[in-house]
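For reference, the structure discussed in these notes is given below.
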Amino acid sequence: GAVVSQHPSRVICKSGTSVKIECRSLDFQATTMFWYRQFPKQSLMLMATSNEGSKATYEQGVEKDKFLINHASLTLSTLTVTSAHPEDSSFYICSAATSGSTKNIQYFGAGTRLSVL
Amino acid sequence: EDKVVQSPLSLVVHEGDTVTLNCSYEVTNFRSLLWYKQEKKAPTFLFMLTSSGIEKKSGRLSSILDKKELSSILNITATQTGDSAIYLCAVEGYFGNEKLTFGTGTRLTIIP
């Protein structure tokens with residue numbers, strides 16, 4: 001149980017284009033999903049918290065107009081990197097938290113490696 | 001600002017050895033501490049600790065929390081090559097939004 005699927009696993013795009021990353025909870029309903037960014041040899045840095053049916057909460061320093069988050073249902077959240085630039089190249093990873101007694105356990109997707117040329 | 005520090009940053013041992021990984025934290029209104037194993041991509045959940053002094057165990061892995069010392073350890077006995085991974089420690093402060101603060105991880109390498 002508690003499987004999170006993230007797609008695509010890798011994307012290469014040209015500078016200026018937009019990239020959408022999907023995060024799905026496959027066997028549970030996720031009231032809250034999280035988006036992280038991970039640079040090489042560094043830890044996971046929380047970008048934003050996404051709650052179903054409401055606006056995402058962004059961490060300090062994260063541009064909400066650049067990283068658009070949509071949590072349309074209890075099983076799907078999307079992150080769109082708009083007008084991507086080479087400095088946006090990174091490993092993006094999502095997680096989902098359940099709504100039951102173990103609600104503070106986050107289950108992670110496999111991540112998306114974004115390379116912007 | 002919440003802070004999580006893990007040590008050592010990296011560790012190389014031989015198969016069969018026992019290892020202890022450390023995690024210390026500073027967090028406002030501590031709620032829980034979690035350990036994850038990250039091999040290639042997705043971190044996989046290992047333990048969640050909320051109470052001091054109660055050991056959580058899963059096979060060769062065990063973990064315990066010390067709220068007085070603001071720390072936790074993760075033990076792995078009789079290590080195997082499959083234990084090679086980055087072990088992440090994360091803490092949650094009780095703000096009601098389930099936000100986790102991660103440490104930089106300990107990279108564990110098991111030599112056959």
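Per chain, numbering begins at 1; letters A, B, ... match sequence-line order. What you are looking at is a predicted structure, and each value in this text was computed from that prediction instead of being measured.
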| task | Start with the C-alpha distance between A:Gln106 and B:Glu92, add both sets of side-chain angles, then the distance that settles side chain to side chain donor-acceptor pair (under 3.5 Å), and finish with yes or no. | result | CA-CA 11 Å; A:Gln106 292 182 26; B:Glu92 181 189 9; over 6 Å; no

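- For chain B, the nearby part of A:Ile93 is the side chain; its heavy atoms alone come within less than 4.5 Å.
- At a 4.5 Å heavy-atom cutoff, B:Gln6 makes no contact with chain A through either its backbone or its side chain.
- Taking a 6.0 Å sphere around NZ of A:Lys66, one finds it holds more than 12 heavy atoms contributed by other residues, nucleotides or ligands.
- In this structure, CD on A:Gln38 lies 7.0 Å from CD1 on B:Ile86, to the nearest 0.5 angstrom.
- For A:Thr57, no part lies under 4.5 angstrom from a heavy atom of chain B.
- No side-chain heavy atom of B:Thr104 sits less than 4.5 Å from a side-chain heavy atom of A:Gln42.
- Linking ILVMFWY residues whenever their side-chain heavy atoms come closer than 4.5 Å, directly or via other members, places B:Leu108 and B:Leu46 in the same cluster.
- More than 12 heavy atoms of other residues, nucleotides or ligands lie within 6.0 Å of NZ in B:Lys57, so this atom counts as buried by the packing criterion.
- B:Ala42 and A:Gly109 get closest at one heavy-atom pair: CB-O, 2.8 Å.
- For the pair A:Ile105 and B:Ser32, the minimum side-chain heavy-atom distance is 4.5 Å or more.
- A continuous path of Ile, Leu, Val, Met, Phe, Trp and Tyr side chains, each step under 4.5 Å between heavy atoms, connects B:Trp35 with B:Ile110, placing both in one hydrophobic cluster.
- Between atom CZ of residue A:Phe34 and atom CG of residue B:Leu100 there is a gap of 6.5 Å, rounded to the nearest 0.5 Å.
- Counted within 6.0 Å of NZ on A:Lys20, heavy atoms from surrounding residues, nucleotides or ligands total 12 or fewer; the atom is thus considered open.
- No continuous path of ILVMFWY side-chain contacts below 4.5 Å connects A:Met45 to A:Met33, so the two sit in separate hydrophobic clusters.
- Near-neighbour residues of residues 59-68 of chain B relative to chain A, defined by a heavy atom under 4.5 Å from a heavy atom of that chain, are none.
- B:Ile73 and B:Tyr87 fall into different hydrophobic clusters, where Ile, Leu, Val, Met, Phe, Trp and Tyr are joined by side-chain heavy atoms under 4.5 Å apart, directly or via other members.
- At least one side-chain heavy atom of B:Tyr36 sits less than 4.5 Å from a side-chain heavy atom of A:Phe108.
- Residue A:Gln6: no heavy atom, backbone or side chain, is found under 4.5 Å from chain B.
- In terms of hydrophobic clustering, with Ile, Leu, Val, Met, Phe, Trp and Tyr side chains grouped at heavy-atom distances under 4.5 Å, A:Tyr36 and A:Ile69 are assigned to different clusters.
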